[in-house]
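Every chain is numbered from 1 and lettered A, B, ... according to where its sequence line falls, protein lines coming before strand lines.
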Number of protein chains: 2
Amino acid sequence: MRIEPLKWQDGKLKLLDQTKLPLEEVYLELSRYPQVIEAIKNMRVRGAPAIAVAAVYGLALAAQSVDANSQLEFRKRMKSISKEFAATRPTGHNLFYALKRMEVAIDKGSRIEGIRSSIFEEAGHIAQEVADVDWRVAQSGAELIEDGFTVLTHCNAGALATAGYGTVMGMIGEAYEQGKRIGVFVDETRPLLQGARLTAWELVYAGIPATLITDNMAGHFMKQGKIDCVVVGADRVAANGDVANKIGTYSVAVLARENSVPFYVTVPTSTIDLSLPSGEVIPIEERSSEEVTHIQDSHIAPDGVNVANPAFDVTPTRYLTAIITENGIVREPTEDKIRGLFSG
Amino acid sequence: MRIEPLKWQDGKLKLLDQTKLPLEEVYLELSRYPQVIEAIKNMRVRGAPAIAVAAVYGLALAAQSVDANSQLEFRKRMKSISKEFAATRPTGHNLFYALKRMEVAIDKGSRIEGIRSSIFEEAGHIAQEVADVDWRVAQSGAELIEDGFTVLTHCNAGALATAGYGTVMGMIGEAYEQGKRIGVFVDETRPLLQGARLTAWELVYAGIPATLITDNMAGHFMKQGKIDCVVVGADRVAANGDVANKIGTYSVAVLARENSVPFYVTVPTSTIDLSLPSGEVIPIEERSSEEVTHIQDSHIAPDGVNVANPAFDVTPTRYLTAIITENGIVREPTEDKIRGLFSG
């Protein structure tokens, strides 16, 4: 059974509240677009592709309720709501890619009903494409995971993160289905513990042997020769191959290279932002200090201490063994090779 | 005011329960040696030098209560209790160094009262020496922390860890007292959060600007040029300079070298184990899986996931810029230079 973190049902968005996992599986029924904005900001849905899918469904909800006296006013209202979605989280690229497509859809159709249809149709297309693309990414990447391999992953790039099959989890799941005997080491991924809470949960759900570790153990196990490859997702990839992903990814990449462990980044091409020459210009979201000083109900730090909480870091392309996409694998990525993915 | 995690008072051991920090300061009054063993195993007291001090005071408690019909029987009972202390935690070297000295003290003195005196005296000496040695380490190392520096540290090598001034915290405190404008980035240090709970608390207590980060952020800030040096303690240093310290130290060391950030290890010479040729033979303690799957009262992982929980890792000597001891600083450590520390 596939995990479905986001589902359009009877004109509402059914959303699995990821902040409650792994102890509770709570599905929210969202009928108004501001609820979707809240869910994205507070990471009830997270992962760059899943955020994009939530946002396009959020626009579909808005299209149902927004009323206007003219097509012009309707299109204007919808584009303004699209900007509200664009302001939710800054780092992932898929959101902006999807909203750009939705704005084209908003410009299509005649009469308000026609515009609404255009919006619903494009939202459905985008959601379906994510699942199709994940499937192709999984097929493309599974060959890199050999029989007997132990894979290390950081954060969550599973079905929960993409609303499809997952990129990293798609690859791992596909390799497992092919009968390869594999195991997965899961970085817990502080501060919000997406590894411990979400990736571990998805692996247990799929029956794939999983070992949970704290983030600071990954290097130790690489040095001990226990890890055969690292596979992570990404929130945005620059044209030169620099990768913005969950904080800690850079450290994992450096440790992988130091220990001659292949380091793979698995993304749909919609994560690649050709407009950015390098990772240095990717905006990095700073989140609230409470995410560091508190873990769920526990206060773990003294009052009076400062906190830094960048949600992402940037891994320079030189640390990447390959980028895996639905259009194929790019080894030792360069800007030319990456642009080649789009000329298919 | 100095933090005193361990204090001998009226024939009892007053012990600050470090598992309750930073939210509560609870002092336990221990009057029987098995309580000290429990406190060490459950990390109410931790840090290699502080464990050693707790153990020698534990032997002093035992000496008060153990009764015997002969000197021979008394010495035998005391040595058997010493072995119980040796079995509490395997990785730190200071415990074994201190127990060896206590066993020499147990062999001294005539009549049972004389042996008791010898035990009390040696326990007092060892505790006093720890404080003296910390003081000299701090003086020796403070020169490495320049005005304007931001120091990164991992885990806790403060007064709480040594029962003296702290090695790392001694250096940092001394540099700060000298009027240098410094700041400290503190790795939270999962699983048991000694950085967030203990080091951050000590820094706030001392008024030194402290910024708490999750362990996986350290590399990001090094890459951004925000860290001027890394200073960590150690639980055991092999003759060749390989360092066993809290899990995650190896990763910090690799990231420091990758970013040309000096990496300093600060220890009393009693942490150095000349009997071990390299770090590969240092025993690494594996602790319970609950430390990873639970954070205080929160259960953060799904049932059915495996867990690895090595408490320490080994950093090869090639990553060290220098070892700082009470007998001076050894730059680019080699076995010859390290042995030189003991020929003063």
ask   = Is the number of heavy atoms from other residues, nucleotides or ligands within 6.0 Å of CG (Asp297(A)) greater than 12?
value = no
query = Between Val305(B), Val307(B), Leu192(B), which is the residue that forms a side chain to side chain contact (heavy atoms under 4.5 Å, CB included) with Val292(B)?
reply = Val307(B)
inquiry  = Which one wins on heavy-atom pair count under 4.5 Å against chain A: Ala196(B), Pro191(B), Gly195(B)?
reply    = Ala196(B)
request  = Applying side chain to side chain contact (heavy atoms under 4.5 Å, CB included) between Val281(A) and each of Val314(A), Asp242(A), Asp273(A), Leu276(A), report the one that passes.
outcome  = Leu276(A)
task = State, without any angle test, whether Thr189(B) and Asp187(B) hold a side-chain donor-acceptor pair at a distance under 3.5 Å.
result = no
task = Sort out for me which of Ile213(A), Ile295(A), Thr293(A) touches chain B most, counting heavy-atom pairs under 4.5 Å.
result = Ile295(A)
key: Option that, when pairs with chain A are counted at under 4.5 Å, heavy atom only, ranks first among His154(B), Arg197(B), Glu188(B)   = Glu188(B)
ask   = Using non-hydrogen atoms only, which part of Ile247(B) is less than 4.5 Å away from chain A: side chain, backbone, both, or neither?
value = both
ask   = Between atom CD1 of Ile172(A) and atom OG1 of Thr153(A), what is the distance when rounded to the nearest 0.5 Å?
value = 5.5 Å
key: Most chain A-contacting option - heavy-atom pairs closer than 4.5 Å, from Gly183(B), Ala218(B), Ser251(B)   = Ser251(B)
No-hydrogen, no-angle side-chain donor-acceptor test under 3.5 Å, Gln194(A) and Arg46(A) = no
inquiry  = At a 4.5 Å cut-off on heavy atoms, which part of Tyr319(B) comes close to chain A: side chain, backbone, both, or neither?
reply    = side chain
task = Go through the atoms of Val204(A) and report whether side chain, backbone, both or neither lie under 4.5 Å from a heavy atom of chain B.
result = side chain
inquiry  = Only pairs of heavy atoms separated by less than 4.5 Å count here; which of Ala210(B), Ser289(B), Pro316(B) has the most with chain A?
reply    = Ala210(B)
query = Does the Arg89(A) side chain pair with the main chain of Ala48(A), one donor and one acceptor, at a distance under 3.5 Å?
reply = no
request  = Measure Val186(B) against the heavy atoms of chain A and call it side chain, backbone, both or neither at under 4.5 Å.
outcome  = neither
key: Proximal component of Pro22(B), with respect to chain A [non-hydrogen, under 4.5 Å]   = side chain
ask   = Tell me, side chain or backbone of Gln296(A) under 4.5 Å from chain B's heavy atoms, or both, or neither?
value = both
query = For Leu193(A), is it the side chain, the backbone, both, or neither that has a heavy atom closer than 4.5 Å to a heavy atom of chain B?
reply = side chain
key: Atom group of Asp215(A) that falls short of 4.5 Å from chain B, counting heavy atoms   = side chain
note = Max heavy-atom pairs within cutoff under 4.5 Å with chain A, candidates Leu198(B), Leu21(B), Val254(B), goes to Val254(B)
query = Is Lys223(A) positioned over the aromatic face of Tyr250(B), cation under 6.0 angstrom from the ring centre and no more than 45 degrees off axis?
reply = yes
ask   = To the nearest 0.5 Å, what is the distance between CD1 (Ile284(B)) and CZ (Arg287(B))?
value = 13.0 Å
Region of Leu23(B) that comes under 4.5 Å of a non-hydrogen atom in chain A = side chain
note = Among Ala200(B), Pro209(B), Gly304(B), the residue with the most heavy-atom pairs under 4.5 Å to chain A is Ala200(B)
key: Pair Asn156(A)-Thr199(A), side-chain donor/acceptor within less than 3.5 Å   = yes
